[in-house]
J.: 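Okay, here's the structure, questions in a sec.
Any value given below was found using the heavy atoms of this structure, including those in side chains, with hydrogens, waters and symmetry copies removed. Owing to the predicted nature of the structure, the values given are computational and were not obtained by experimental measurement.
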Amino acid sequence: MELQFAPLRPWDDFILGSARFAQPDFRDLAKWNNRVISNLLYYQSNYFVMAICIFLVIGFMSPLEIILGGAVVALVFMGSVWASENKAAIGNFKRRYPTWFVLAILLTSYFFISIVGGVMVFLFGITLPLVLMFVHSSLRLRNLKNKIENKMEEIGLKKSPMGIFLNALGQEQEHISKFADMLAAQSKD
């Protein structure tokens with residue numbers, strides 16, 4: 001399977017004129033998470049451009065800290081993915097608790113960056129684009145093209161960088177559904 005980069009979606013579709021936004025249904029976590037993952041896959045090139053622009057602006061103001069923060073996050077991410085594939089206990093934790101796995105990566109990155117300095121640069125240069133992506137993907141309603149593209153990725157007809165990244169973090173659709181079902185069962189008790 002060949003890696004396919006998603007096209008840059010028109011900015012009118014992404015955020016301007018024809019874009020439709022609505023508050024997610026916080027009571028239906030499965031539907032909300034499905035919207036987030038679908039939008040992350042569909043608008044991945046737009047998110048990448050947005051993140052690079054923010055990263056460059058922050059990096060221009062504090063180049064050493066942004067390089068150091070990026071290196072720490074990359075090393076922690078690669079180390080955690082390697083550990084999840086080579087250490088059974090970590091791999092089981094990733095499969096059972098994918099959201100906690102992502103949070104552990106973020107907290108570990110934060111810890112190491114706080115040791116070497118540059119926490120504020122980390123918060124603005126790396127976390128700000130992630131927060132903006134999450135907010136946009138939570139609020140942006142999906143359209144028919146979005147749903148079709150995501151089904152192609154889900155059944156394996158195409159592979160994209162964001163799909164590989166979400167897969168490495170254990171954020172596949174079936175994991176999200178299991179997490180939402182678990183939360184719903186706990187709330188009924």
J.: Please determine whether residues Leu56 and Met50 belong to a single hydrophobic cluster, defined as Ile, Leu, Val, Met, Phe, Trp and Tyr linked transitively by side-chain heavy-atom distances below 4.5 Å.
T.: no
J.: Tell me whether the rings of Phe134 and Trp32 are parallel (<30°), tilted (30 to 60°) or perpendicular (>60°).
T.: tilted
J.: Measure the spacing between CE of Met133 and CG of Leu128 and express it to the nearest 0.5 Å.
T.: 9.5 Å
J.: Would you please classify the geometry between the Tyr97 ring and the Phe93 ring as parallel, tilted or perpendicular, with 30° and 60° separating the classes?
T.: tilted
J.: Counting only heavy atoms from other residues, nucleotides and ligands, does the tally under 6.0 Å from CZ of Phe112 exceed 12?
T.: no
J.: I'd like to know if the side chain of Ser114 reaches the main chain of Phe111, judged simply by a donor and an acceptor atom lying under 3.5 Å from each other, with no hydrogens or angles considered.
T.: yes
J.: What are the two closest non-hydrogen atoms of Ser80 and Phe101, and how far apart are they?
T.: O-CZ, 3.6 Å
J.: Does Glu85 reach the main-chain N or O of Trp82 with its side chain, forming a donor-acceptor pair under 3.5 Å?
T.: no
J.: Less than 4.5 Å apart, side chain to side chain, heavy atoms only: is that true for Trp11 and Asn46?
T.: yes
J.: Quick one: pull up CD1 in Ile66 and CZ in Phe55 and give me the separation to the nearest 0.5 Å.
T.: 4.5 Å
J.: Grouping I, L, V, M, F, W and Y whenever their side-chain heavy atoms are under 4.5 Å apart, do Leu64 and Leu75 come out in a common cluster?
T.: no
J.: List the atom of Phe21, the atom of Phe14, and the distance in Å for their closest heavy-atom pair.
T.: CZ-O, 3.7 Å
J.: Per the side-chain contact (heavy atoms from CB on, under 4.5 Å) rule, which among Leu40, Leu130, Ile52 passes with Tyr47?
T.: Leu40
J.: Taking everything shown except Phe60 itself, do over 12 heavy atoms lie less than 6.0 Å from its CZ?
T.: no
J.: Between atom CD of Glu65 and atom CD1 of Ile113, what is the distance when rounded to the nearest 0.5 Å?
T.: 11.0 Å
J.: Can you tell me how far the CD1 atom of Ile67 sits from the OG atom of Ser62, to the nearest 0.5 Å?
T.: 11.0 Å
J.: Going hydrophobic residue to hydrophobic residue with side-chain gaps under 4.5 angstrom, can you get from Ile15 over to Tyr43?
T.: yes
J.: For a quick test of reading the model, state the closest non-hydrogen atom pair linking Gln23 to Leu139 and the distance between them.
T.: CA-CD2, 4.1 Å
J.: What's the separation between atom CZ in Phe77 and atom OG1 in Thr108, rounded to the nearest 0.5 Å?
T.: 13.0 Å
J.: Is there a side chain to side chain contact (heavy atoms under 4.5 Å, CB included) between Arg140 and Asp13? Walk through the geometry before answering.
T.: CA-CA 10 Å; Arg140 179 68 171 93; Asp13 179 37; 2.8 Å; yes
J.: Spell out, yes or no, whether Ile90 and Leu107 are grouped together once hydrophobic residues are joined by side-chain heavy atoms under 4.5 Å, including indirect joins.
T.: no
J.: Between Ile54 and Pro129, what is the shortest heavy-atom contact and its length?
T.: CG2-CG, 3.8 Å
J.: Between OG of Ser138 and CZ of Phe26, what distance do you get to the nearest 0.5 Å?
T.: 7.5 Å
J.: Between Ser137 and Val36, what is the shortest heavy-atom contact and its length?
T.: OG-CG1, 3.4 Å
J.: Just by distance, do the side chain of Arg9 and the backbone of Tyr42 share a donor-acceptor pair under 3.5 Å?
T.: yes
